[in-house]
Every structure is written in C-alpha cells, then in structure tokens.
Amino acid sequence: MTELISTLVLFINETLLYWVPALVLLGYAVKHCTGFPNQLIPLVEVSGGALIGIFFGLVTSGGNILDIIMYAGQGALLGVIAIALYDIVHGAIKEWKARQSSKKKEEK
C-alpha cells in the first residue's frame with residue numbers, strides 16, 4: 001500500500017490525495033440518492049476532481065495559469081482514482097456476497 005501511495009505522490013500533489021474519499025462519497029451519493037444516469041457518473045467524478053484541482057491551484061499558485069492547469073489535470077486524475085477505488089471495493093463486496101449465498105445454498 002505504501003508503494004502505491006508513493007507512486008501516486010509522484011503524479012499528484014499529496015494534499016490533493018486527501019480528496020479521494022470525498023470524490024468516492026460524491027459518486028456514491030449521485031448514484032444512490034439521485035436519478036442521475038449511471039453512465040454519466042464518471043464524468044461527474046472527473047469534473048469534480050478537476051474543480052478541486054482548479055481551486056487548489058488558485059489557492060496555492062497565486063493565479064499562475066500553468067499551475068492551475070496542472071492541478072486541474074491532477075484533480076481529474078483524482079476522479080479516475082476515485083472511480084477505480086469504488087469499483088474495486090464494490091466488486092469485492094459483490095464477490096463476497098456471492099460466496100456467502102453459495103455457502104448458504106450448499107448448507108441446505
């Protein structure tokens with residue numbers, strides 16, 4: 001796990017990585033609490049990450065447009081990471097539930 005985070009820090013500012021859980025929660029809320037089409041949720045995640053990156057760039061760079069663009073790209077990458085993290089956890093939970101239900105069927 002440490003190696004993964006070390007690798008991510010090479011591409012993304014470490015402070016921005018703290019926003020990944022917020023983006024996961026944003027995607028979860030959009031999926032389960034709204035009627036928003038599921039096919040567009042990745043767009044919401046990447047756009048939300050880019051906005052976080054833009055605001056972070058505005059605060060830290062003092063208005064340097066190249067830094068703001070760089071942080072917007074890093075934020076978009078945060079959205080991709082949030083999508084992947086959700087998919088990994090969701091897939092693991094589905095697999096675990098499937099195994100539990102097959103065990104129950106075998107016991108009967």
Show me the donor-acceptor pairs within less than 3.5 Å that the side chains of residues 91-101 make with the rest of the protein, sequence neighbours left out.
| from | atom 1 | to | atom 2 | distance (Å) |
| --- | --- | --- | --- | --- |
| Glu95 | OE2 | Arg99 | NE | 3.3 |
| Ser101 | OG | Lys97 | O | 3.4 |
| Ser101 | OG | Ala98 | O | 2.9 |

Side-chain donor-acceptor pairs under 3.5 Å in residues 10-24, sequence neighbours left out?
| from | atom 1 | to | atom 2 | distance (Å) |
| --- | --- | --- | --- | --- |
| Asn13 | OD1 | Thr15 | N | 2.9 |
| Asn13 | OD1 | Thr15 | OG1 | 3.4 |

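To the nearest 0.5 Å, the span separating CG on Leu77 from CD1 on Ile81 amounts to 4.5 Å.
With sequence neighbours excluded, the residues forming a side chain to side chain contact (heavy atoms under 4.5 Å, CB included) with Val30 are Leu26, Thr34, Phe36, Ile41, Val44, listed by chain and number. By the side chain to side chain contact (heavy atoms under 4.5 Å, CB included) test, Asp67 is found to be paired with Ser61, Asn64, Met70, Tyr71, residues two or more places apart in sequence or in another chain being considered.
Ile69 and Leu58 fall into different hydrophobic clusters, defined by Ile, Leu, Val, Met, Phe, Trp and Tyr side-chain heavy atoms under 4.5 Å apart, directly or through other members.
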Subject >> Audit row: Lys31, Tyr86, side chain to side chain contact (heavy atoms under 4.5 Å, CB included) steps and yes/no >> reply: CA-CA 12 Å; Lys31 181 176 180 74; Tyr86 174 82; 3.8 Å; yes

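Listed by first and then second residue, the side-chain hydrogen bond (donor to acceptor under 3.5 Å, both in side chains) pairs that reach into residues 38-60 come to none, sequence neighbours excluded.
Tyr28 and His32 have tilted rings, their planes meeting at an angle from 30° to 60° on a 0 to 90° scale.
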